[in-house]
Each structure stands twice: as C-alpha cells, then as structure tokens.
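In what follows, a structure is listed as structure tokens, so that the remarks can point back to it.
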2 protein chains.
Amino acid sequence: MAINFKVNVNTFLKDPVSTDLGKKILSAGIRLIDEHGLEDFNFKKLSQEIGSTESSVYRYFENKHYLFIYLVNWYWEWTSMRISLATINIDDPKVKIQKVIKTVIESTMANVDVPFIDEEILHRIVAREGSKAYHHKLVDKENQYGFFLAYKALCKKISNVFLEFNPEYKYPKSLASTLIEVCNNNIYFSKHLPRLTDVEFSKDSDVKHEHLFEMLESLIINSLTKKSKNNINHPKVKLS
Amino acid sequence: MAINFKVNVNTFLKDPVSTDLGKKILSAGIRLIDEHGLEDFNFKKLSQEIGSTESSVYRYFENKHYLFIYLVNWYWEWTSMRISLATINIDDPKVKIQKVIKTVIESTMANVDVPFIDEEILHRIVAREGSKAYHHKLVDKENQYGFFLAYKALCKKISNVFLEFNPEYKYPKSLASTLIEVCNNNIYFSKHLPRLTDVEFSKDSDVKHEHLFEMLESLIINSLTKKSKNNINHPKVKLS
DNA sequence: AATTAGTAGTAGTAATACTATCATAACCGA
DNA sequence: TCGGTTATGATAGTATTACTACTACTAATT
C-alpha cells in the first residue's frame with residue numbers, strides 16, 4: 001500500500017514528493033539529520049550527499065528549519081493515521097488507549113511503504129529533537145502558518161480516545177500532549193540519560209518497550225480513572 | 001540572603017560570578033536569550049549590549065551553548081534548593097508532593113536575592129527552550145562532562161519524595177522528569193499553542209497556575225496511588 | 001622602576017546561510 | 001519541428017556567525 005500525506009503546503013516552496021530530487025532531499029535529509037544532529041546539518045552537506053547543489057535544495061525548502069518542520073509534520077500525520085488504523089473496530093475504551101500508547105511508542109506500520117521515508121530513523125529524530133519544531137521564538141508566527149495543525153489534530157484524536165474512557169476528565173488535551181512528549185523523552189533518556197528514567201533501553205525488540213508501555217499505561221489510565229474514596233480524603237493543604 | 005551555587009565548572013572557562021563582566025554576561029545573556037530566542041542570540045549582540053567585546057565574552061564561555069548550559073544548570077540548582085526549602089519540616093508525603101509541584105510551577109524564592117539573575121525570565125527561557133540543553137547530538141559527550149548532573153540530582157530529589165508517598169512505585173524517576181517537562185510544556189503551550197493543553201494562561205497571578213497545579217497534582221498522585229480493585233480488573237489485552 | 005600576570009580590545013579567518021544570475025537539458029503542446 | 005515552460009545545475013557573491021590570534025593595557029609584585 002502506498003500512502004501520501006498532504007503535509008502543510010506552507011512548509012515547502014516546491015512539493016518534494018512531486019520530483020525525484022525532492023524525494024532524495026527527504027530521504028537524505030532524514031539520514032543526515034540523524035547522523036549529524038539538527039544543529040550540525042546543513043544544505044551544503046545535503047546537496048553533496050545527493051549529488052546536487054545548494055541552490056537546487058533551496059528551491060524546495062526555504063531553509064533547514066522548514067525542511068525539519070516538514071519532516072516532523074510528516075511524522076505527526078503518519079502517527080495519526082496509524083492510530084486510526086490501530087483503533088478502528090475496537091470498542092473497549094481501555095484497549096483503545098492501549099493501542100494508542102503502543103502506536104505512539106512504536107514506529108512501524110504494516111503493509112505500508114513510503115520508499116523515501118525511513119520511519120524508524122524519523123522516529124528517532126523526533127524523539128531526540130522533535131520538540132525543537134515549536135520550542136523557539138518564532139512559534140507564534142509559524143503557528144499562524146499552520147505548521148502545528150498536524151500536532152494539534154493528533155492531540156485532539158488522542159484526547160478523544162481518553163474522553164471515551166472517562167468523559168468527565170478535565171485535562172484530556174494536556175494528557176495527550178503529555179503522552180507524546182513523555183514517550184519520546186523516555187525513549188531518548190533510556191539511551192542517553194538513563195538516570196532521568198526507570199525504563200530500560202533494550203536492543204531486544206520483543207521486550208524493548210515493555211517498561212515504557214507499562215509506565216505510560218499506568219500514567220494515563222490512573223489519571224483518567226476516577227479516584228476512590230480512600231484517595232480523595234487526603235488532607236487539603238493551603239499552598240503558599 | 002545571598003546565595004551562590006557552584007555551577008558545574010566544566011561549563012565555563014572563567015567563573016562568571018567572580019567578576020563584574022562575568023555577572024553582566026549572565027544577566028544580559030538571560031535578557032537577550034529571552035528577547036531573541038536561543039537561535040538568534042549570539043555573543044556579538046551580547047557584547048554590544050554590555051559594552052564589551054566578543055573576545056572578552058569568549059574568555060568566560062566557549063560558545064553560546066555552554067553559556068546556555070550554565071544558565072539551565074543554574075535553574076536546576078536553584079529549583080532543587082527551593083524544593084529543599086519548601087519541603088523541610090513537612091511530614092505528610094502528599095503535602096510534600098504538593099509543595100514540590102508548586103515549586104516547579106513557580107519561579108519565586110522568598111528572601112533570596114541574586115542580583116545578576118532574573119529568575120522569572122530564566123524560568124520563561126527554560127520553559128521555552130530548556131530541553132535544548134540535552135536534545136542534541138553531542139548529549140553523550142556533554143553528559144560525560146557532567147553537564148546534566150544538576151538535572152539528575154533534581155530528578156532524584158523529586159523521585160525520593162514520590163517514594164515517600166508510595167515506596168512500591170516502579171517509575172519514580174520517569175515520573176519526576178515527567179513532572180518537570182510536562183509543567184514547562186504546559187506553561188509554554190498555554191501561551192503559544194493552547195490547543196495542546198487544557199490549562200489556561202492567565203495574567204492574574206493569583207489564579208495563573210491553578211489549573212496547571214490541579215492537572216499535575218492529579219497526574220502525579222493518581223499515578224502513585226495504588227489502584228483499587230475496580231481498576232485492576234479491567235480486561236487484559238494482548239498487544240500485537 | 002621593572003617585571004609579569006591577567007584582562008580588554010582589534011583584527012582577521014573560515015564556515016554558514018543564504019541570493020542572484022545564467023546555462024542547459026528535458027518535456028510539451030501546437 | 002518550433003517555441004515555451006520547467007527542472008536542475010553551475011558559478012559567484014554577500015552578510016552574518018563563530019570563532020582565533022595577536023596586541024595593548026592595567027594592576028599588583030619585586
């Protein structure tokens with residue numbers, strides 16, 4: 001199955017999916033950002049890698065930040081689609097939540113092939129530096145361009161699943177963004193800053209994310225579950 | 001009361017607290033990073049702002065990333081100290097957790113004056129782009145230099161408070177880093193990407209963080225609270 | 001008064017992040 | 001087959017950034 005997202009048109013000058021060079025820019029861009037990190041990646045390296053020129057690359061993306069936004073948007077759209085596929089025909093809200101968590105953790109989609117996007121590498125990039133897409137000074141301007149619509153839609157979709165489990169819950173969107181961010185952080189921490197997490201990084205892909213799933217599931221389900229009488233009777237404290 | 005942290009000596013070439021110029025670098029650095037954002041901030045702007053030269057600034061910090069690391073470390077140390085002060089002499093573990101949450105949300109410390117650090121601006125910078133301190137390709141090298149020891153110590157301190165509430169809880173460190181990151185994210189989202197959160201940004205400082213506190217409290221306390229029988233009997237599902 | 005250690009300032013370089021212009025090859029309908 | 005458009009490539013140039021090397025000064029020490 002071939003899929004084609006409509007990534008926000010404001011992110012590119014010329015649709016990279018429409019040409020061979022454009023697809024090369026995407027696939028080599030992913031590889032090089034993974035290899036060098038976003039700060040050390042530039043269009044010179046990219047154009048050399050694909051045997052082209054800087055000016056040709058600039059015809060597709062205004063600068064590397066826009067290319068990065070494009071890729072992160074692609075990831076958000078792709079994750080959103082995978083959640084839809086994973087939760088379709090499932091009725092039990094708890095199972096639905098488990099499927100969502102599993103989808104956010106993993107980076108595979110059965111029967112789908114996008115030859116110019118390596119989803120596993122892209123997921124690693126997003127876990128490492130995806131938050132740079134919006135953690136900067138120009139966020140308000142880029143928000144007006146719609147650069148974060150895909151992220152918002154993804155959060156909306158997840159928060160709706162949460163509300164199916166508990167329609168009374170007051171913070172579904174915060175919990176949705178929390179799920180995504182905490183998931184990515186713990187994947188990253190487990191590999192690079194293990195003292196900031198309890199979930200272990202394992203190369204054995206069968207048990208790789210077992211702890212992470214358990215941790216996220218308890219975080220989400222417990223938050224959504226109404227407190228029992230035992231818990232709400234803790235003493236109330238005046239703060240400050 | 002004057003305080004003086006020992007920020008990791010590997011972050012600077014010459015201790016900025018030891019001279020007037022160094023203190024100017026810190027205070028103007030905070031102001032300019034807030035104003036321009038980290039990407040658009042540089043040592044030329046900084047040196048002009050304080051009426052000095054680039055080369056003088058370079059004598060204190062190897063580059064702007066190291067200055068940034070210094071400032072974020074300062075924030076972590078400062079938050080750690082505030083947590084200690086806020087939880088001292090408090091026995092009820094739940095109240096302790098509430099104090100921790102409140103401390104992480106806010107950026108004030110009574111009776112303490114560090115004239116060259118504007119803590120409110122620094123907190124805003126950390127909420128906006130603090131995670132850039134470790135979300136990059138050189139994280140492993142910088143981790144060896146001890147750049148993130150203060151963050152790890154902060155997480156350790158918070159996770160110990162969590163364990164007082166529930167010594168059985170399996171993911172205290174993950175929950176601690178989650179608290180910090182989710183707090184900062186929601187402060188930032190409420191102002192810039194409100195669709196990613198349910199907590200509202202308010203200029204009225206009395207109610208400013210009421211929702212955020214409530215959200216974080218429910219997230220933490222519910223995670224730490226052992227599930228009642230009702231909840232653990234949900235059907236178990238085989239995932240993929 | 002001479003020596004020296006430490007710090008500020010000047011100048012310069014290499015790399016980055018673009019922009020502009022022109023050439024050329026493919027492709028496309030008339 | 002012609003003329004026009006599109007896609008890419010080649011070359012050059014600029015402004016800014018991120019430094020580095022060197023010089024000049026100051027202040028304490030002998």
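Quick caveat: nothing in here was measured; it's all calculated off a predicted structure.
Atom P of nucleotide C/dA17 and atom OH of A/Y66 are separated by 15 Å, given to the nearest angstrom. The distance from atom CG of A/L46 to atom P of D/dG9 is 12 Å, rounded to the nearest whole Å. Between the NZ atom of A/K45 and the C1' atom of C/dA15 there is a distance of 10 Å, given to the nearest Å. One interatomic measurement links the two molecules: CG of B/D15 to C1' of C/dT7, which rounds to 16 Å at whole-angstrom precision. A straight line from CG of A/L67 to P of C/dA17 spans 13 Å, rounded to a whole angstrom.
The neighbour count for A/K45 NZ, taken as heavy atoms of other residues, nucleotides or ligands under 6.0 Å away, is above 12. Taking a 6.0 Å sphere around CG of A/D140, one finds it holds more than 12 heavy atoms contributed by other residues, nucleotides or ligands. The environment of A/E35 atom CD is dense: over 12 non-hydrogen atoms of other residues, nucleotides or ligands sit within 6.0 angstrom.
Nearest to the side chain of A/N42, among D/dA18, D/dA21, C/dT16, sits C/dT16. The listed nucleotides are D/dT8, D/dG9, C/dA17; the one nearest the side chain of A/K64 is C/dA17. Closest to the side chain of B/N63, out of D/dT8, C/dT7, D/dC19, is D/dC19. The side chain of B/Y58 lies closest to D/dT20 when the candidates are D/dT20, D/dA10, D/dC22. Residue A/E54 places its side chain closer to C/dC18 than to any other of C/dC18, D/dG9, C/dG6.
Each of B/G51 and A/R59 was matched to the nucleotide of DNA chain C holding its nearest heavy atom; the match closer to the 5' end belongs to B/G51. Looking at which nucleotide of DNA chain C each of B/L21 and A/K44 is closest to, the 5′-most match is held by B/L21.
Backbone-only engagement by A/Y60 is indicated by non-hydrogen atom pairs under 4.0 Å involving sugar-phosphate atoms exclusively. Within 4.0 Å (heavy atoms only), A/E62 reaches sugar-phosphate atoms of the nucleic acid but no base atom. As judged by a 4.0 angstrom heavy-atom cut-off over every strand, B/T19 is placed among residues making no nucleic acid contact.
On a pure distance criterion of 3.5 Å, a polar donor-acceptor pair joins the side chain of B/S55 and the base of C/dG9.
Paired with B/F61 under the rule side-chain contact (heavy atoms from CB on, under 4.5 Å), one option of B/L13, B/L46, B/L26, B/I69 passes, and it is B/L26.
Relative orientation of the A/H135 and B/Y188 rings is tilted, given thresholds of 30° and 60° on the angle between their planes.
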